[in-house]
J.: 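Before I ask anything, let me first share the structure, which is written out below as structure tokens.
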Amino acid sequence: MSNESEASTVGRSGRPTHLRKVVIPAAGLGTRFLPATKATPKEMLPVIDKPAIQYVVEEAVAAGLDDVLMITGRNKRPVEDHFDRAYELEGALEAKGDRERLAAVRASSELAAVHYVRQGDPRGLGHAVLCAAPHVGDEPFAVLLGDDLIDPRDPLLSRMIDVQKQYGGSVIALIAVEPDQIHLYGCAATLPVEGKSDLVRVTDLVEKPPTGTAPSNLAIIGRYVLAPAVFDVLRETQPGRGGEIQLTDALRTLATDPSIGGPVHGVLFNGRRYDTGDRADYLRTIVKLACERDDLGPGFREWLEGFVAKGFSD
């Protein structure tokens, strides 16, 4: 693992030579998936044969982020166990000579250096990010939300890191949504950046704007690269929508006053994204990914085509 000297910053806006740290909030209750999440963390729900949160950690590692901090809560012990060694299981697989499954079991514990801190009170995403301040320190860092899976063929996070290195400040991921859906998201007002078709300067942000009031149809999704100045802002941010400390509100402060911690830019993403926080999208994600798997795809697609042809009856 890289040592601390490999990451250097310039001021509170931070322009690192090597951004290493990523924060993954994982303290939510997963109420949309009850009763399945009564005793199982929503982050551990399988997407085929890996829990959703492993895809997120793999994305971070692929972008060069090898220092992972998970913000957890009560009943999240299975998340910690998943990224730890399982010596009894490994021993049993090794005794059987099952090298393929042994490699799969070990992979999660060898991905990165994974640390944990508990969010004692469920006070919102902004508060969860603030819990990371002692670990992150005075350097830029990424935040990845576990409900959003980004296809590895579309390296969104790497692009965001490159933007942060070039411009400093903070970077958020934006997607265009239908106007009648924007009230479900944080929404950005933006200005174009000359010569950059996938990049905008964020001038304002609104968390879940009421219908008809959104400044655009650009919605924030769960990928952020943040300047450490966001911690100072979060400490002063009052509870907003839902009585929670909203990360969007803190980023709005940075966007409207770049002197605090650099500008806020948005990367416009039109690649493959899977929302595993919604039950219907979760099912669609599994179907899409299963169809693309070399080991599962051919047989699964054949069955699926027949199932559809028979009018969804077997």
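Below, all heavy atoms of this structure are taken into account, side chains as well, without hydrogens, waters or symmetry copies.
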J.: Tell me if the CG atom of N270 is crowded by more than 12 foreign heavy atoms within 6.0 Å.
T.: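 Counting other residues, nucleotides and ligands, CG of N270 stays at 12 neighbours or fewer.
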J.: Would you compute the distance between atom CD1 of I245 and atom CD of Q238 and round it to the nearest 0.5 angstrom?
T.: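 One gets 8.0 Å once the value is rounded to the nearest 0.5 Å.
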J.: Report yes if the side chains of L125 and Y224 come closer than 4.5 Å at any heavy-atom pair, otherwise no.
T.: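 Sidechains of Y224 and L125: in contact.
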J.: Show, in sequence, the C-alpha distance, side-chain angles and deciding distance for V177 and L218, and conclude whether the side chain to side chain contact (heavy atoms under 4.5 Å, CB included) test is met.
T.: CA-CA 6 Å; V177 301; L218 294 177; over 6 Å; no
J.: Treating Q164 as the side-chain partner and G169 as the backbone partner, does any N or O pair qualify as donor plus acceptor under 3.5 Å?
T.: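 The answer is yes, because a donor-acceptor pair under 3.5 Å joins these two groups.
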J.: Looking at P25 and A128, what are the two nearest heavy atoms and their distance?
T.: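 Closest pair (atom of P25, atom of A128, distance): CB-CB, 4.3 Å.
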J.: Can you name the closest pair of heavy atoms from V202 and H265 and give their distance?
T.: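 That would be CG2-C, 3.9 Å.
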J.: Once rounded to the nearest 0.5 Å, what's the spacing between atom NZ of K21 and atom CG of L69?
T.: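 Taking NZ in K21 and CG in L69, the distance rounds to 9.0 Å.
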J.: Considering non-hydrogen atoms only, spot the tightest contact between K76 and A26 and give its length.
T.: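 Heavy atoms of K76 and A26 come nearest at CE-O, 3.1 Å.
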J.: R106: what forms a side-chain hydrogen bond (donor to acceptor under 3.5 Å, both in side chains) with it, not counting sequence neighbours?
T.: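 R106 satisfies side-chain hydrogen bond (donor to acceptor under 3.5 Å, both in side chains) with E90 once adjacent residues are dropped.
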J.: What residue pairs, at least two apart or across chains, pass salt bridge (Lys or Arg N to Asp or Glu O under 4.0 Å) with a residue in residues 206-219?
T.: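 Sorted result for residues 206-219: empty, none.
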J.: Enter the distance from T276:OG1 to L283:CG here, rounded to the nearest 0.5 Å.
T.: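 Interatomic distance, T276 OG1 to L283 CG, rounded to 0.5 Å: 11.0 Å.
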J.: Given the rule in the side chain to side chain contact (heavy atoms under 4.5 Å, CB included) test, do V267 and L174 qualify, once you have shown the distances and angles that lead to the verdict?
T.: CA-CA 6 Å; V267 171; L174 299 172; over 6 Å; no
J.: Would you call E292-R153 a salt bridge at under 4.0 Å N-O?
T.: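 Yes, E292 and R153 are salt-bridged.
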J.: Would a 4.5 Å heavy-atom cut-off, applied to side chains only, mark D148 and R223 as touching?
T.: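 The answer is yes; the side chains approach within 4.5 Å.
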J.: Mark yes or no for whether Y55, through its side chain, and V47, through its backbone, hold a donor-acceptor pair below 3.5 Å.
T.: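 It does hold such a pair.
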J.: Does T40 reach the main-chain N or O of T37 with its side chain, forming a donor-acceptor pair under 3.5 Å?
T.: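 No; zero donor-acceptor contacts below 3.5 Å.
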J.: Which heavy atom in L19 sits nearest to a heavy atom in A142, and how many Å separate them?
T.: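 The pair with the smallest heavy-atom distance is CD2-N, 4.1 Å.
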J.: Quickly, which of T213, L205, T211 forms a side chain to side chain contact (heavy atoms under 4.5 Å, CB included) with P209? Name it, please.
T.: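 The passing option is T213.
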J.: Is the shortest side-chain heavy-atom distance between F141 and D67 below 4.5 Å?
T.: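 The answer is no; the side chains never approach within 4.5 Å.
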J.: Are L191 and L199 linked, directly or through other ILVMFWY residues, by side chains that come within less than 4.5 angstrom of each other?
T.: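 L191 does not cluster with L199.
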J.: Please tell me if the side chains of V68 and H115 come closer than 4.5 Å, counting only heavy atoms from C-beta onward.
T.: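 No, side chains not in contact.
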J.: If we ignore hydrogens and angles and just use 3.5 Å, is the side chain of R20 paired with the main-chain N or O of D66 as donor and acceptor?
T.: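 Checking the backbone N and O of D66 against the side chain of R20, no donor-acceptor pair under 3.5 Å is found.
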J.: Would you give the length of the straight line joining atom CG of L29 to atom CZ of R74, rounded to the nearest 0.5 angstrom?
T.: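 Reported to 0.5 Å precision, the distance equals 9.5 Å.
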J.: Is R85 atom CZ crowded by more than 12 heavy atoms from other residues, nucleotides or ligands, each under 6.0 Å away?
T.: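 Yes - once you tally the heavy atoms of other residues, nucleotides and ligands closer than 6.0 Å, there are more than 12.
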J.: Would you check, one step at a time, whether the test salt bridge (Lys or Arg N to Asp or Glu O under 4.0 Å) holds for R293 with D49?
T.: CA-CA 11 Å; R293 288 267 295 255; D49 50 11; 2.9 Å; yes
J.: In this structure, would I286 and F300 fall into the same cluster of hydrophobic residues linked by side-chain contacts under 4.5 Å?
T.: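 No, because I286 and F300 fall into different hydrophobic clusters, even though each may have its own neighbours under 4.5 Å.
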J.: Strictly distance-based, threshold 3.5 Å: is any side-chain N or O of T285 a donor or acceptor partner for the main-chain N or O of Y274?
T.: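 It does not hold such a pair.
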J.: So which heavy atom on T256 is nearest to which on T203, and how close?
T.: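 Residues T256 and T203, closest heavy atoms: CG2-O, 3.4 Å.
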J.: Which of parallel (below 30°), tilted (30 to 60°) and perpendicular (above 60°) describes F307 and F312?
T.: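 Answer is perpendicular, since the angle exceeds 60°.
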J.: Please report the C-alpha distance between R159 and D162 in whole Å, then the side-chain angles of each, then the deciding distance to 0.1 Å, and finally whether the salt bridge (Lys or Arg N to Asp or Glu O under 4.0 Å) criterion is met.
T.: CA-CA 5 Å; R159 171 60 176 150; D162 288 342; 5.5 Å; no
J.: Nearest 0.5 Å, what's the CG-NZ distance between L289 and K50?
T.: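 Rounded to the nearest 0.5 Å, the CG-NZ separation comes to 9.5 Å.
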J.: Just do the salt bridge (Lys or Arg N to Asp or Glu O under 4.0 Å) check on R284 and D281 with the steps written out, would you?
T.: CA-CA 5 Å; R284 283 189 282 266; D281 281 342; 2.5 Å; yes
J.: V23 and side chain to side chain contact (heavy atoms under 4.5 Å, CB included): which partner among V117, V136, L144?
T.: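 Single pass found, and it is V136.
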J.: Does the side chain of I150 come within less than 4.5 Å of F269's, by heavy atoms?
T.: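 Result yes, sub-4.5 Å side-chain heavy-atom pair found.
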J.: Hey, is CZ on R77 packed in by over 12 heavy atoms from elsewhere, all under 6.0 Å?
T.: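 Counting other residues, nucleotides and ligands, CZ of R77 stays at 12 neighbours or fewer.
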J.: Find out if a path of hydrophobic residues (ILVMFWY) with successive side-chain heavy-atom gaps under 4.5 Å connects L234 to V206.
T.: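 L234 and V206: separate clusters.
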J.: With a 3.5 Å distance limit and no angle check, can you tell me whether N217 reaches the backbone of P179 through a side-chain donor-acceptor pair?
T.: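 Judged by distance alone, no pair lies under 3.5 Å.
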J.: Assess whether salt bridge (Lys or Arg N to Asp or Glu O under 4.0 Å) is satisfied between K96 and D98, documenting all intermediate values.
T.: CA-CA 5 Å; K96 291 180 179 180; D98 194 339; over 6 Å; no
J.: Are any non-hydrogen side-chain atoms of I53 and M70 less than 4.5 angstrom apart?
T.: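 Yes, close enough: below the 4.5 Å cut-off.
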J.: Do T248 and L251 touch side chain to side chain, with heavy atoms closer than 4.5 Å?
T.: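 No. Closest side-chain heavy atoms not under 4.5 Å.
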J.: Go through the side-chain N and O atoms of H127 and E244 and say whether any donor and acceptor fall under 3.5 Å apart.
T.: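 No, E244 and H127 have no side-chain donor paired with an acceptor closer than 3.5 Å.
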J.: Between R32 (side chain only) and G277 (backbone N and O only), is there a donor and an acceptor less than 3.5 Å apart?
T.: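 Yes.
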J.: Is E110 atom CD crowded by more than 12 heavy atoms from other residues, nucleotides or ligands, each under 6.0 Å away?
T.: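 Counting neighbours around CD of E110, more than 12 heavy atoms of other residues, nucleotides or ligands fall under 6.0 Å, so yes.
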J.: Test D249 against T253 for side chain to side chain contact (heavy atoms under 4.5 Å, CB included), laying out the working first.
T.: CA-CA 7 Å; D249 293 340; T253 298; over 6 Å; no
J.: Taking the inter-plane angle between the rings of Y282 and F33 on a 0 to 90° scale, is it parallel (under 30°), tilted (30 to 60°) or perpendicular (over 60°)?
T.: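 If you compare the ring of Y282 with that of F33, the planes turn out perpendicular.
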J.: Can V61 be reached from V56 by stepping across I, L, V, M, F, W or Y side chains whose heavy atoms are under 4.5 Å apart?
T.: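 Both belong to a single hydrophobic cluster.
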J.: Is there a donor-acceptor pair under 3.5 Å between the side chain of S216 and the backbone N or O of A188?
T.: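 Confirmed, S216 side chain pairs with A188 backbone.
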J.: D147 versus D278: any side-chain heavy-atom pair under 4.5 Å?
T.: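 No, every pair of side-chain atoms sits at 4.5 Å or beyond.
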J.: Could you state whether V105 and L111 fall into the same hydrophobic cluster, counting links through intermediate Ile, Leu, Val, Met, Phe, Trp or Tyr residues with side-chain heavy atoms under 4.5 angstrom apart?
T.: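 Cluster IDs for V105 and L111 differ.
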J.: Can you measure from CD (E43) to CG (L145) and round to the nearest 0.5 angstrom?
T.: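 The CD atom of E43 sits 10.5 Å away from the CG atom of L145.
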J.: Set out, in order, the CA-CA distance, both residues' side-chain angles and the distance that settles side chain to side chain contact (heavy atoms under 4.5 Å, CB included) for T237 and L247, then state yes or no.
T.: CA-CA 9 Å; T237 299; L247 180 59; over 6 Å; no
J.: For I182 and A219, which heavy atoms make the closest approach, and how far apart are they?
T.: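 Taking every non-hydrogen atom into account, CD1-CB, 3.8 Å.
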